[in-house]
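Below is one structure, written out as structure tokens, with a few remarks after it.
Numbers restart at 1 for each chain; the letters A, B, ... are given by sequence-line order, proteins then strands.
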Amino acid sequence: MDLSNKTFVVTRLSVNNIERKSVIQATVSQNITDTIKSQVGVFDFTLDKTFTGIDDPQLNLAVAEVLEGIPE
Amino acid sequence: MGLKVTSSEIQIVNSDGTVKFTSNEPLIFISGSEHGTHTIGYDGAFYNRNSFYLTQPLLKNEIGVLYITITTITGFGDPGTSFLNVRQPANAVIPIYVRGYPSGNTPAADTTHMAIAPIIGDQIQAADPVGEGYAGFDYLNGSRNITGYNVQLIHYPTGGGDRPYLFASGNQGVSNPTITFDWTLYKYRYLETT
């Protein structure tokens, strides 16, 4: 997925430090104008790594990598 | 500092040889966390109730510490900003409006609370406080995994034209608030000893 002109927000994060994995839900939107967005979709996936919280910078990097790997 | 291995345990000793910790002492550690966003608002009754659920349940040998951060408030009136973007613990009932006043010679109060109670499967029933007069919690089956949380706005007294209120910058408060908050649940696991 080309993330150009798109915005994603992590809406759910569940971190399991025992199994060293995280369950993530991210919502992707297309920017129509500065104030109007169109929702592209909601994506759920699991990563074999953990994060400190929803504001962890590493989380955004990991989510972007996954979303960019989704075929158009 | 050093390690000492005996026939029954591993000991951590300091430079004087004093045992500071052993492998037989129970540990508590961060097993995980959950993060999300939730909204609760006025639905035409004297209270409102809805729920959010965990992706991975809080196990019976885990301690949950829940925090919420209110991000937006809408309603009739000016909500002010004192509630916004402040992380606060939510393992109890949170008073969001308390107004004391004299009723003749008797002190009275008009209150709204936001309660966040754990859901254990289908065991917990947060009863209608208007029709039933109580919120019931069934712990008869002992320790169980917690699968989510009930969120409830409770206003008292329930009679007349009263509706949920929220503290505001003015005297009256915000009526019928819709509250959106981010929530974070930290899970601490301990080793059960028998």
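- Neither the backbone nor the side chain of B/Leu185 comes within contact range of chain A; no heavy atom of the residue lies under 4.5 Å from a heavy atom of that chain.
- With a 4.5 Å cut-off on non-hydrogen atoms, B/Thr184 does not touch chain A at all.
- A/Val28 and A/Ile24 fall within the same hydrophobic cluster, where Ile, Leu, Val, Met, Phe, Trp and Tyr residues are linked whenever their side-chain heavy atoms come under 4.5 Å apart, directly or through other members.
- When the shell of 6.0 Å around CD1 of B/Ile10 is examined, it contains 12 or fewer heavy atoms from other residues, nucleotides or ligands.
- Hydrophobic cluster membership differs between A/Val42 and A/Leu67, with clusters built from Ile, Leu, Val, Met, Phe, Trp and Tyr side chains linked at under 4.5 angstrom.
- Rounded to the nearest 0.5 Å, atoms OG (A/Ser22) and CD (B/Glu34) are 10.0 Å apart.
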Problem set entry | side-chain contact (heavy atoms from CB on, under 4.5 Å) evaluation trace for A/Arg12 with B/Thr55 | CA-CA 9 Å; A/Arg12 281 295 302 266; B/Thr55 304; 3.2 Å; yes
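- Side-chain contact between A/Asn16 and B/Gln56: present, with at least one pair of heavy atoms (C-beta onward) separated by less than 4.5 Å.
- Counting heavy-atom neighbours within 6.0 Å of A/Gln39 CD, excluding the residue itself, gives a total above 12.
- In the hydrophobic clustering of ILVMFWY residues, with side-chain heavy atoms under 4.5 Å counting as a link, B/Tyr67 and A/Val10 come out apart.
- Here the CG atom belonging to A/Leu13 is positioned 4.5 Å from the NE2 atom belonging to B/His35, to the nearest 0.5 angstrom.
- Under the 4.5 Å side-chain heavy-atom criterion for grouping Ile, Leu, Val, Met, Phe, Trp and Tyr, A/Ile54 is not connected to B/Ile68 through any hydrophobic cluster.
- For a residue to count as touching a neighbouring chain, one of its non-hydrogen atoms must lie under 4.5 Å from one of that chain's; by this rule A/Thr50 does not touch chain B.
- Contact annotation: the side chain of A/Ile18 approaches that of B/Arg189 to within less than 4.5 Å [non-hydrogen atoms, C-beta and beyond].
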